[in-house]
Every structure is written in C-alpha cells, then in structure tokens.
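Following: one structure in structure tokens, then a few remarks.
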Number of protein chains: 2
Amino acid sequence: MADKGSDDSGEAGSRPSEGGAADGETPKRRSPKGQQRLGMREIARRAGVAPMTVSRALADPDKVSPETRARIMAVVEREGFIRNQLASSMSSLKSRRRIIGTMVPPLINSGIAEQVQGMSDACHEAGYQLLLVQGDFDRDAEDQAIRALLGWQPAGLILQAFVQAPGARQLLEDGDVAVVEISEVRGRDPIDMAVGVSNFDTAHAMTCHLVDKGYRRIGFVSTPAHGNDRLQQRRIGYRQALIDRGHVYPASLEIEVPITSAGGAEAVSALVARDAALDVIFCSSDTLAIGAVQECHRRGWAIPGRLAIAGYGDVDLAAQLYPPLTTVRVDRYGMGRLAVDQLLKRLRGEENLPRIVPVGFSIVDRASA
Amino acid sequence: MADKGSDDSGEAGSRPSEGGAADGETPKRRSPKGQQRLGMREIARRAGVAPMTVSRALADPDKVSPETRARIMAVVEREGFIRNQLASSMSSLKSRRRIIGTMVPPLINSGIAEQVQGMSDACHEAGYQLLLVQGDFDRDAEDQAIRALLGWQPAGLILQAFVQAPGARQLLEDGDVAVVEISEVRGRDPIDMAVGVSNFDTAHAMTCHLVDKGYRRIGFVSTPAHGNDRLQQRRIGYRQALIDRGHVYPASLEIEVPITSAGGAEAVSALVARDAALDVIFCSSDTLAIGAVQECHRRGWAIPGRLAIAGYGDVDLAAQLYPPLTTVRVDRYGMGRLAVDQLLKRLRGEENLPRIVPVGFSIVDRASA
DNA sequence: CTGTTAGCGCGTTCAC
DNA sequence: GTGAACGCGCTAACAG
C-alpha cells in the first residue's frame, strides 16, 4: 500500500508542532478547514447573474434563457452547489416543505423495516426526505416525538398506530400537516387518513382456514396486546372465527409471551401443558411461529403431524423454514408506499380522498399447518 | 416601532374574570377553526415580552427571571407552541444544527435495522433528529443521496460503508460536516472517522474456530461480494485462516448465492455436489445459515453430524433455531450508538479523536457447528 | 435581566 | 428574460 508519508511535507513550513499527536499510524489528519460550501449568492456572482436567476434556473429551467442557464449550471456543477433546503423551506412555507416525518415502532420487527423501506423509496422518488423517529412509545414519549417532528415543518406525518396522546392528537387535528396513520383500520377514526389491514379480518380468515383444514383445538399466541390495537384485533378475529365456525371458545388456549422467538418456544410448552390434545397453534407473528417450530424440532415432534403451527407476516424465512410456514401475508412494503402516496395526493390537493384505505392480505397455505 | 405597547392585553394588570379563577386550569378548548400554529413573535406578544426573551426562556432558562419565565412557559404550554427548527437552524448555522443524516443499505437486513435503532436512540437522547436515506446504492445514487442529505445542513452524517462516489467523497472531505462511516475498518482510509469491526478478523476467527473443532473440509458461502468490502474481507479472512492453520485452500468450496435464505439452501446443494466429504459450511450471514439448516432438515441430514453450519450476525432467531446456530456476534445496536457518540464528540469539539474505532465481536459457539 | 438590530439563504412579488 | 426588495421565524451580538 502506498504510504505517501511525505504528503504533508509540501507545506511543511506551516506545520507547528502537531506531530506528536500520538497517532503514529494515521498519516493523515483531518484538516480543520471546514470549508463552508458556497451559497446561491456566490454562485450567482460567479455566473454573472442575480441570485434569483440561479434560483429559477434550478427550480424552473424553462424560465431562463438557454445560454444563461448553461452558464449557471456550469458553475453549479463546478462548485458542487447544493441548495440549502432549510432556507428553501423557510421562504415559502406552504409549498416547498420537503420533509415527511414518521414515527414507528422498533425496526427489529422485520415487518416494520419493510414498511419503512417502502416509505423511504416512495419518498425519495417524489423528492422528499424521511425524518425518522423510532422507539417504543408510551403516551408521553409519543407526544414528545410528534412535537419534535412537527418542529421541522414537515409536509406530512406518517404515524404507525393511532395516536394515543390526547395533546398530540389535538395538535394534529388543528394543524395544517397531512397525516396518515398506518394501523388497524377497523373501528377507529383516523385523524386525517389511515392505511392498513383489518387485523380482525386477517386473523379471522386464518382461523377459519385452520378450522376448515380440520383442526379442532386451536391455540392462539400473541405478544402482549395491552395498548396494541393490532394484536387485540387479531385476538378478537380469532375468537370470532371460532364462534362463527361453531367451536366453543376456549379461553385457556390463548397466551401472551415476549416478542422473541424464545417466546414462541415458551408458548408451545405452556399450551400443550394446558391441553394435551392441542392441534395447532396460531401465532400472531412469524417470529413466534418460527420459535414454536424450533421447539417442536427440539421435542422431536412432527409438524404438522403432532402439532401444526401457523404464523403471521410471511417474513422471508417463512417459505424456507422446515417445514414451510403457513402464514398470513400482508404487503408491508406496499403499505409503506401506499401511505406516502396518500400523503402526496393530499399535498397535491386532490379532493375526495378516502379516509380509510384498506390493504389486502392473503393466507399463504404451506406445510406447517 | 413596536406596536405592542398600545395593544390591549397583558399589562393591564387587571385581568377581569379569568384571572380571578385561582384554578390555573385553562380548559384548553380551542376554537374549532383549523388554525395555524403560532410563531414566537405571537407567543412573545401574548406574554408581554420580546421574542428574544421567549427564545432565551426556551433555550437557556437560567438567563431569564423566574417570573418572566413562568409567564412565558404558561403561554407556550397553553398555545402548544413548537419552535420552528428550520428557522432555528438557519439563524445560527454553526451551532444549532439538529439533524444527523444517515445513508444505509436496505433495512430488511436485520443487522441494519438494529443499527439504525441504535443510531435513532442515541440521536434522540441527545436531541437530534435522524434523517434517513435508505436503499441499494450504486455510485450515482449514493452520490445523489449524500447531496440530498447535505442540503438539510446536517450537523453530521453517518454512512454505511465507505463512500465510493468520488464526487461525494470530495464534497465530504472539503465540507464542514462531521462524518462517521460504519464499515469494514481494515485497510481503508476514512473520510473523517470510522466505526466498525474488522470483517477479516471475524471471519478469520470463526474459520480457525471451526478448524480447531476438527472440521476438515470447510465451505464458505456469501452473497455477491463484488463492490462489498465487508464480504470481501470475510472471504479473505476465511482463506487466510485456512492457510494459517495449514490447510490447503480449496477454491472450489467457495460459492456466492443470492441474499435470501433460499440462497443458503442452494449453497448446500451446490457445495455437497462439489465435495461429498464436506464437513461444515460457514455462511457469511445468518440468513444464509438458517436457509442452509432448513435444507439439511429437508434432506433429513443431522446437524452437525452429517453437515455442520455456522453463520454470521447472531440474529434473534439464531439461538432459537434447531439446532442453535454457531455464529459470529457483532453488536450492531451498539455500533449504531457508538457512531452517533463519535459524531457528537466531534461536534462538541473534542480533540484527539481516534480516526478508527474498532468494535468487538465474539464467536458464539452453539450446537450447529 | 431584557430589548433592539441585523441577518441566516432562499423564494415570492413585482418592477424593469 | 432578468433583477431588487422584502420577508419566512428565529437567534447572536450587542446595547440598556
């Protein structure tokens, strides 16, 4: 490797006594120059025009004569000019906001990650930037996060789950930002617009599917549903399906476990202890289901012979698992994109937008159940 | 001249009816008209002070007298004032930037998601917001993404992988934003600072570990390494370990497959076809390893009896898999946090920051190999 | 402790 | 087709 140890000797004269900085192996230090990038004014000066003309050449090229434009663009390229979005957004507050704020649960949920990816892609295609706040929110933190987002004057907000904090809700209802909530779409009133599946419907459909395949004792595992619409709806959907199919609803076959694959394993142990005749376990997430499958392997149980397992989410691994996982597929990536699309429609001023945009789903029937 | 003196309100001292109510409870029923949020000027007027005083009360409460502060805060609360961060950042360009931009590969990689979570948490604890650009970048897209980020005048940038696009690199070297690259830390020269593991070391360690456990024919699977430092380093580490341990380096036992668990399954088939005596397969990601394990189940092969599998990453599932996965553990969440910490140190002007901050790793020895 | 002045860098508006 | 003035909302720097 070329170690051009002499590369600073060129201007050796100006080097005081920095040498002893104990680095020894880092030949190059970062110069503290911090050269400020040029502003539009300076670009204009170098192109021999007024700043306004530069602005136009960038925003609306047709309104500038070809020669002027060429001259300007040449300087822009040469100097690597990047327009200051802060100033840009400031000067015309309504029309040039270019930020979409979003608040999401922990990304470790692969579904959330896909969704964020969808939002991100759609945002960038439309020239917006995504300001991300991510965390496990209680009402206060949620409120604070929304305020933090609003401070950046976003064109819109995409919120995962309906806003709980009353203060924040009020703020959003009064304010002039577009809001899309991505969540359970059943039985709630969105602040502005909502995109999502009916978790009730998905769980109902899967449970019916299992009943129709001949399973009789159907367990249901979820992570803690308290304060979580989506999980609650899934549970209700499960219960309703049992009732609709003429099964007695066995409360003892429901269980809550931590949100890890270890939780899925735990659920298997707990549920079979409660009911040795258990047929199948419907897990409210693939992570749980995968954990449950591993537990069956550990016990040497055939799947679905001894115990069948169904999941929710259709993560990448679901299809590759042994045995392949029967699960509920929701297009999370598409949901993310759709949320952004709705937001953009509102920003464009389109009328008669639906307040609720349902997203489809499907039951993926594989070997595990 | 300021018009406030002649105006109606506050200083009249005798606040007719609402003042008398000892209840500080202002039942915040705002008029149902969707109103624009108020600016600082308006808050100041209602509190009977100058805008600057409001600014100070918010930014540096000690510099305002307790009574004034109380009066201001009351109005701020009542009106739900949120400071315009755009304007704030504009007015003092060096000191009040509050955005950290980041560019990351697809979040579907659970490692990346964890890392982003670490960055996000650390950012918010320090009062910064995370501006996220996410995608599968070629050089041009990368360049464009970085420019987009820079337009928001971020205090710093955290970039996943070293910047390839020469234009962007130049921009960052000249500019005054702090930059942390999260990546392979071996043999590269960071723009400013770098945080990461030596992928060479990790792969070398795992390969040695396998050799030391008695495996003789060691396959290596990775996703396409072209243009990907980290994967290349892992491969070289694998090769070097074999040489260091006195094994002949068998090029035929290396393979590249797509970045899915299906790829892992494919690798098993391909490699055993090449060498029926294959002992173990070292997969450059857990996703691949998990796919490989499933393929073994499908074939009814004992793990590690017939074929052992090792992974890289220690995803949540790795420990729960059947059999539990031997893998390389890197603390991605911590890496994300660390990257932000380094950035903040630079922003605080700390001296003698190391240009390269290595992150530790460990070999997690479980049952699969 | 508090207020006043002057701009941050750009875009809108209107004049040329 | 181009330019000059003004203002977006906030804060550094200096009065008082």
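Lettering follows sequence order; numbering is per chain, from 1. Reckoned from all heavy atoms, side chains included, excluding hydrogens, waters and symmetry mates.
- Regarding contacts with the backbone of C:dG3, a side-chain N or O of B:Thr53 is found under 4.0 angstrom from either OP1 or OP2.
- Taking 4.0 Å as the cut-off between side-chain N and carboxylate O, A:Arg139 and A:Glu142 do not count as a salt-bridged pair.
- A close approach under 4.0 Å does occur between a side-chain nitrogen or oxygen of A:Thr68 and OP1 or OP2 of D:dT2.
- Bending across the helix from C:dC1-D:dG16 to C:dC16-D:dG1, expressed as the angle between its end axes from five pairs apiece, amounts to 30° (10° rounding).
- Between the C1' atom of C:dC10 and the CH2 atom of B:Trp152 lies a distance of 12 Å, rounded to the nearest Å.
- For the pair A:Arg98 CZ and C:dG9 C1', the computed distance is 17 Å after rounding to whole Å.
- Atom C1' of nucleotide C:dG11 and atom CE of A:Met90 are separated by 11 Å, given to the nearest angstrom.
- Contact annotation for B:Ser89: no contact, since no heavy-atom pair falls under 4.0 Å across all strands.
- The interatomic distance linking B:Leu86 (CG) with C:dG11 (P) rounds to 13 Å, in whole Å.
- For the pair B:Leu58 CG and D:dG9 P, the computed distance is 16 Å after rounding to whole Å.
- Straight-line distance from the CD atom of A:Gln153 to the C1' atom of D:dC8: 10 Å, rounded to whole Å.
- Once rounded to the nearest 0.5 Å, the distance linking CG of A:Leu157 with CD of A:Glu181 reads 10.0 Å.
- Separating the OH atom in B:Tyr333 from the CD atom in B:Gln117 is a distance of 6.5 Å, to the nearest 0.5 Å.
- With rounding to the nearest 0.5 Å, the separation of CG in A:Leu86 from OG in B:Ser88 is 9.5 Å.
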Could you encode protein contacts along nucleotides 10-16 of chain D as a string, one character per nucleotide from 5' to 3', using B for base contact, S for sugar-phosphate-only contact and - for no contact, with a heavy-atom cut-off of under 4.0 Å?
-> BSBB---
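- Using modelled atom types, one finds no donor on one side chain facing an acceptor on the other under 3.5 Å when comparing A:Gln85 with A:Gln129.
- As rounded to whole Å, 11 Å separates atom C1' of D:dG1 from atom NZ of A:Lys63.
- You'll find the side chain of A:Trp152 reaches within 4.5 Å of the side chain of B:Ser89, heavy atoms only.
- Sorted by first and then second residue, the side chain to side chain donor-acceptor pair (under 3.5 Å) pairs with a member in residues 61-75 of chain A read A:Ser65-A:Thr68; sequence neighbours excluded.
- Under 4.0 Å is where a charged nitrogen must lie from a carboxylate oxygen, and between B:Arg147 and B:Asp143 at least one such pair does.
- Whole-Å rounding puts the B:Asp60 CG to C:dT2 C1' distance at 14 Å.
- Surrounding CZ of A:Arg355 are more than 12 heavy atoms belonging to other residues, nucleotides or ligands, all under 6.0 Å away.
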